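Structure record follows, encoded as structure tokens.
In each ligand, atom 1 is the first atom listed, and ligand 1 is the first ligand listed. Note that this is a predicted model, so its numbers are computed, not measured.
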Amino acid sequence: GEAVPSSQKSSWASFLKSIASFSGDLSSLTAPPFILSPISLTEFPAYWCERPGLFAAIADAKTEQDRSIAVLKWFISTLKGQYTSRNEKLGSEKKPLNPVLGELFYGHWPDQDGRGQTNLVVEQVSHHPPITAYYICNPTKGLALQGHSAQKTSFSSGSIVVKQIGHAILTVDLDDGNTEQFLITLPRLRIDGLWYGSPYIELTETSYIQSSSGWLSSIEYKGKGYFSGRSHSYKALLTPPGSSNPAKKYEGLWHEVSKDLDTDEVFTDVTSPKEEVTVGPVDVMHDFESRKLWKHVARGIREGDYEAASREKSKIENEQRQRRRDEQTAGTPWQQWHFEHVESDPVYERLVKLFNGAPPTEDTYVYQHNHSATPSIKP
Ligand code: 0T9
């Protein structure tokens, strides 16, 4: 592996061996320092809204079909941030910090040109296995995205195969007082480039966006050597209620540009800069807010002081273990700040029924935002 510092070659090799013989929760494996990211997984849900104008535009579409098109356009435009931004920012895909139970991440994207402010609330709702819940809303536009994210990983022909568990539901308030919902399923991913120590993500198989209006988007992902022969390719079909005859077809590169296949017009273009989430200053944060919680670990990783990073990480982990023991003794389990676990979600069940065939996600539950605190009120 060229990207592996020579002093870490043997630890990278043994790390690869351990992932090859391991399946389940990769987040708990100890990785060599060069592959550590100073950013926690609780920050990742921000990727959903780094093009807040495209998110807001969903509310401006006037018909069921146009809203489905706007949702698809916004969704495809998030993929570059979700799956390639660590390569751009950190040089390769890196191992994110494994969030602690109750870890929080708050942020917003300010109003601009009447698009409304968009708010983000993220909470780590489970540590074993890791599950992250998020709620993103634009109240001015009547939009709310509620989701949770977990992963099942395995190893296959030199790559890590990640099955995403979880889904998101987008709710759109319509002018007539009704709402429309969209069930968004998540693509599978493969982490390639491990041997060389420069991991990157390729998306595989198909993900879906099922609207309560009946419109369905099927998004098929391919890497090198398929449709266009290029990596990060996709092809999407939009079908009307009860039909399998596509009304719209799109194809292209999700990290660059894609087109409407019938008109040849540009559908998505993410070559322009995105808008990163606005986050308040660390010194006024609650202790459970991600950037404050991981501050010293992140500094160690950024400055190459891995001893300090690992010492600070152990402190956090020991403190967490003690908390769990105390809760056991007191018989008072950890209370979530912003989310409530709901075993069966009627909205999800309805959307799954509309979807012909196997349920598109493995999970039946949701973590519902309890609205008991806004992002500006610290728990
Ligand atoms: C939801 C996203 C998810 C989270 C990450 C697999 C992964 C953890 C989950 C799926 C976001 O919406 C999108 C993007 C990247 C995904 C991460 C990539 C990754 O490598 C990690 C896993 C747990 C590892 O850290 C594997 C070990 C590492 C050395 C490979 C770089």
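Atom 17 (C) of ligand 1 has as its closest protein heavy atom E93 OE2, 4.3 Å. Protein heavy atom in closest approach to atom 1 (C) of ligand 1: S149 OG, 3.6 Å. F15 CE2, 3.6 Å is the protein heavy atom nearest to atom 29 (C) of ligand 1. Atom 28 (C) of ligand 1 has as its closest protein heavy atom K95 CB, 4.1 Å. Among all non-hydrogen protein atoms, the one lying nearest atom 19 (C) of ligand 1 is I191 CD1, 3.6 Å. At the top of the distance list for atom 21 (C) of ligand 1, counting protein heavy atoms only, stands P96 CD, 4.0 Å.
T63 places none of its side-chain heavy atoms less than 4.5 Å from the side chain of W215. Taking 4.5 Å as the limit, some side-chain heavy atom of P130 sits within range of a side-chain heavy atom of N98.
Looking only at atom types and distance, the side chain of R325 has no donor-acceptor partner in the side chain of Q328 under 3.5 Å away.
Among Q82, R86, Q151, E43, the residue whose heavy atom lies nearest to atom 12 (O) of ligand 1 is Q82.
In this structure, I19 falls outside the shell of residues with a heavy atom less than 4.0 angstrom from ligand 1. Not a single heavy atom of A31 lies less than 4.0 angstrom from ligand 1. Using a non-hydrogen distance threshold of 4.0 Å, W48 does not register as a contact of ligand 1. Distances shorter than 4.0 angstrom occur between a heavy atom of Y83 and an atom of ligand 1. No heavy atom of S27 sits closer than 4.0 Å to any atom of ligand 1.
Side-chain atoms of S149 do not come within 3.5 Å of backbone N or O of T132 as any donor-acceptor pair.
Protein non-hydrogen atoms do reach within 4.0 Å of atom 10 (C) of ligand 1. Protein non-hydrogen atoms do not reach within 4.0 Å of atom 7 (C) of ligand 1.
Salt-bridge check for E43 with R291: passed, with a basic side-chain N closer than 4.0 Å to an acidic carboxylate O.
To the nearest 0.5 Å, atom NZ of residue K222 and atom CD of residue E202 are 10.5 Å apart. For the atom pair CZ of F75 and CG of L186, the computed distance is 6.5 Å after rounding to the nearest 0.5 Å. Atom OH of residue Y250 and atom CG of residue D262 lie 8.5 Å apart, to the nearest 0.5 angstrom.
Annotation: K95, atom NZ; neighbour count of heavy atoms from other residues, nucleotides and ligands within 6.0 Å is above 12.
Residue L26 has at least one heavy-atom neighbour below 4.0 Å for each of these atoms of ligand 1: 26 (C). Under a 4.0 Å criterion applied to the non-hydrogen atoms of P199, ligand 1 contributes the atoms 31 (C).
A cation-pi arrangement is absent between R51 and W74, since the terminal nitrogen or guanidinium carbon is not both under 6.0 Å from the aromatic centre and inside a 45° cone about the axis.
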